[in-house]
Amino acid sequence: MKPVNKIRSKTVVLPTRDIDTDQIISARFLTTTTREGLGKNVFHDLRYNADGSEKPDFVLNKPESKGCRILIGGNNFGCGSSREHAPWALLDYGFEAVISTEIADIFRNNALKNGLLAIVVDSDTHQWLLDNPGADVAIDVAAATITLLGAKIIEFAIDGFAQHCLIEGIDQLGFLRQQTSTIESYEENRSWKP
Amino acid sequence: MSNPSTLFEKVWADHVVVDETPETPAVLYIDLHIIHEVTTPQAFSVLRDNGLAVRRRDLTLPTLDHSTPTTPVSMFKDLLVAGEGAANQVRQMQQNCEDFGLDLLGYGSGQRGIVHVIGPELGATQPGKTIVCGDSHSSTHGAFGALAFGIGTTEVGHVLATQCLLQRKPKTLAVNVDGELPEGVTAKDLILAIIGKIGVNGGTGHVIEYRGAAIRAMDMESRMTICNMSIEGGARAGMIAPDETTFDYLRGRSRAPQGAAWDEAIERWRLLRTDDGASFDKSVTLDASELQPMVTFGTNPGMVVGINDPIPDSSDASFKKALDYMQVESGKPMTVNTVDIVFVGSCTNGRISDIEETARILQGRKVADSVRMMVVPGSEQVKKEAEERGLDRVITAAGAEWREAGCSMCIGMNGDIAQPGQLTVSTSNRNFEGRQGVGARTVLASPATAAASAIAGYVADPRTYS
Ligand code: SF4
C-alpha cells in the first residue's frame, strides 16, 4: 500500500442515504480476478443509461466533478455486501476519501486497508459538506483533521493503528506475519482444537 | 469467579492471540475459513506474489456458489451463457485450490453449495468457533453460538496466510424476542421486523445476540435465517446460545466431533451462554405474538411493512427515490402489486425446511401463468434430500422450475436475473437497486409468502393458502 497522508481536493456530493456496495459496484462486474479496472464501472447504473450513454444529471458526469478526489456520501455509506471491489472501484476511479456521518463497518475496514480514507464526521459538518458541493477540502491524516477551506478545521476520529498504517504505507499482512511464533504457541496451548 | 460475561465475550476471549491495545487491534484466531470463487482470486495472488502457503488447509473450506449457474442439465454450456468472466473465475478457483492443496467441494462432489448452507450441513460450523468468509452473510453461522462475520478480500488473504485477523472488539446488542410467533408467521418475518425496528444501521459496530422465548423455540434452520440477516441491520455478527436443539442438529454430521470428542465438545458448548448479570451495550425487545407476515416495499431491507398494512409515507428524498424505483405508492398495501418472478433460495431461505414449506403451499396448486417461479436449493445435499422426499415433483407439477444449487437470483452475477422493471418476490436478503438485475424490483419475503404470491400472481398473504 502506498502511504496516504495529505489530500486536498474539491468535493463531489452524493447525498443519498444507505448507498450500498451493490450501488458502488454491481455484482455483474465482480467476475474479475484482479483489483484493477473497476473504476469505469463504479456507480454504473446511476452513471449510465441502458444504451451506455452518460446520464447528464448524475453528479459524477458533471464537468465540475472531474478530477475530484473526495466523495461526500449520505448517512450509512457502504452498507450491504462485504465486497472489497467497492473500495477498489472507488480508488480506481480516482477517489481518495469518502466522508459521511456513518460508514458501514466492513466497507470502512476494507477501505482503510486499501488506502481509501473513510471518515465519519458529526452531522453539522456533514450538512455543511452536503450544502456546499465542490467545497475545497484538505484532509490531514497525521493530524486527523479536515480543513474546510475558508471555513473551519474539524477533527475526526481514526483508529490509531489504521492511521499509522496509512501514513507509513504499512501492509497489515506483514504485521500479522511478525506474530507467527505467538500464533504457533496459541495453537499449541489452546484447551481444544477446531 | 470471573465477571459475568456475554456469549460473544466468551468466544472472543477464547480466540485472542495478542491482546488489543490503543495502538494495535487484537490478533484473533480463526477456526473455520470458508472460501468461494468471487472474493478470493486477489487474495491467492497476494500469497503467490509473496511465496506464501495456506497456513491451515485443514481449517479452510472451499466451494463454488456465487457465479456458478443453476440451470439444470449442462453446467458448462451455461457457464458460457453467464459470461466468460464467471467461467474464468470458476476455473481460477479450481486452479488455486489445486496449487495450494485445498480440497474443493466442487461440481460432482455432492457437497457443493452456498458457503453458509454447507458449513452447518457438514457439521463444520460449531458452537464456540470463530468463522469467517468473504461474504457478509457469514453471520448465519452465529446461529450455532459461533462468532462469525464477513470479511473483505485483503482479510481473506490474512486468514489464508496466518489463520488470524486484526480486529477491534465490537460492542454488543441484545435483541430479545418474547412471546410466540403466530401461525403462518416465520423466522424470515421476524428478522424483517427486527431490521424494520432497529434500522439498516441499528447494529453498526455491534454483535447481536438474539435471545428470548421465540428464539429458543426455533429449529436450527429458522435460527440461521435470523442470524443470516444480522448484517442487514448493520451488525457484522449475530449469535444465538447453543442448546439441545443445536446439539441435536449437529450430532452425527460428518465434520462434527465423534465419540468421546463429541461428549467433550458438548460439555464445553453448554458453557456458551450469557451469564446472569452480564450486560450488553444496547438492547431492544420485540413481542413475537404481535407479528404478521412481512414484506419489503423499498430498496433496503429496513423498508418493511406487514403484508396487509399500508406503505408508510415520508418526505425524505431517499425514501421517495426508493418508492419511485419500486413503483409502489404510500398508503397502499404491497398486495396490490402484480408479480413477474418468484425466487425461493439463497443462504437465507434455501435450506430443506424452506423447500418443504414452499412445496407444502404449492401442493395441488398452480403457479399463475404470468409468473416465473424458480426454486433453487442452497446445496447439492439439500437438492438430493428434497428429491428423495419428492418435493421437487410437487414443485415442478405446480409449474415452478427446480434448479441446481447456487446463489442464483440472490446476486445478479450467474445468469439468473430479472429484467428491468420486473418485480420479484424473493426469499433472499437484499432488495437493493439492481441487486437482481439492472432496474429489477425486489420484494423480500418468507418462502410461504413467496409461494403464495406465485400462485396468486400478486404479492399475497400466505395465510390464505395454509
Ligand atoms: S446466497 Fe446471496 S447472500 Fe448468500 S452467499 Fe450467495 S450471494 Fe451471498
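Note: hydrogens, waters and symmetry copies are ignored here, and every other heavy atom, side chains too, is used. Below, chain A is the first sequence line, B the second, and so on; all start at residue 1.
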Worked verdict on B:Asp31 versus A:Lys193 for salt bridge (charged side-chain N to carboxylate O under 4.0 Å, His left out): CA-CA 9 Å; B:Asp31 296 329; A:Lys193 309 274 183 240; over 6 Å; no

B:Glu37/A:Thr31 under side-chain contact (heavy atoms from CB on, under 4.5 Å): CA gap, chis, key distance, verdict: CA-CA 9 Å; B:Glu37 72 277 22; A:Thr31 57; over 6 Å; no

B:Ile151 and A:Asn109: CA distance, side-chain angles, deciding distance, side-chain contact (heavy atoms from CB on, under 4.5 Å) verdict: CA-CA 9 Å; B:Ile151 55 176; A:Asn109 259 314; over 6 Å; no

Test log, rule side-chain contact (heavy atoms from CB on, under 4.5 Å), inputs B:Glu23 and A:His164: CA-CA 9 Å; B:Glu23 290 77 37; A:His164 175 70; over 6 Å; no

side-chain contact (heavy atoms from CB on, under 4.5 Å) between B:Thr204 and A:Glu102, worked out: CA-CA 9 Å; B:Thr204 304; A:Glu102 187 162 22; 3.5 Å; yes

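With a 4.5 angstrom heavy-atom cutoff, B:Val200 touches chain A via backbone and side-chain atoms both. Interface residue A:Arg190: only side-chain heavy atoms are found under 4.5 Å from chain B. The part of B:Leu52 that comes within reach of chain A is its side chain, from C-beta onward, which places non-hydrogen atoms under 4.5 angstrom from that chain. When heavy atoms are compared at a cutoff of 4.5 Å, B:Val16 approaches chain A solely by way of its backbone atoms N, CA, C and O. With a 4.5 Å cut-off on non-hydrogen atoms, B:Ala161 touches chain A through its side chain but not through its backbone. For a residue to count as touching a neighbouring chain, one of its non-hydrogen atoms must lie under 4.5 Å from one of that chain's; by this rule A:Glu36 does not touch chain B. With a 4.5 Å cut-off on non-hydrogen atoms, B:Asn429 does not touch chain A at all. The contact between A:Gln172 and chain B is made by backbone and side chain atoms together, counting heavy-atom distances below 4.5 Å. Looking at A:His85, the atoms closer than 4.5 Å to chain B (heavy atoms on both sides) all sit in the side chain, from C-beta outward. Proximity to chain A is limited to the side chain of B:Val18, based on heavy atoms less than 4.5 angstrom apart. Of the atoms belonging to B:Asn300, it is side-chain heavy atoms, and not backbone ones, that fall under 4.5 Å from chain A. For chain B, no part of A:Gln163 is nearby; none of its heavy atoms comes within less than 4.5 Å. Proximity to chain A involves both the backbone and the side chain of B:Arg435, based on heavy atoms less than 4.5 angstrom apart. In this structure, the portion of A:Tyr186 lying under 4.5 Å from any heavy atom of chain B is its side chain and not its backbone. Looking at A:Phe29, neither its backbone nor its side chain comes within 4.5 Å of chain B, counting heavy atoms on both sides.
Between A:Ile106 and B:Arg236 there is a side-chain heavy-atom pair separated by less than 4.5 Å. B:Val17 places none of its side-chain heavy atoms less than 4.5 Å from the side chain of A:Gln179. Residues A:Glu84 and B:Thr154 have side chains in contact (heavy-atom distance under 4.5 Å, counting atoms from C-beta outward). B:Arg55 places a side-chain heavy atom less than 4.5 Å from the side chain of A:Thr180. Residues B:Ser318 and A:Asp18 are not in side-chain contact: their nearest non-hydrogen atoms beyond the backbone lie 4.5 Å or more apart.
In this structure a side-chain-to-backbone donor-acceptor pair under 3.5 Å is present from A:Asp105 to B:Gly205. When atom types are taken as modelled, the side chain of A:Ser82 and the backbone of B:Gly152 share no donor-acceptor pair closer than 3.5 angstrom. For the pair B:Gln89 (side chain) and A:Leu30 (backbone), a donor-acceptor distance under 3.5 Å is present.
There is no side-chain donor-acceptor pair under 3.5 Å between A:Thr33 and B:Gln42.
The aromatic rings of B:His15 and A:Trp192 lie perpendicular to each other, with more than 60° between the two planes, well past the 30° mark.
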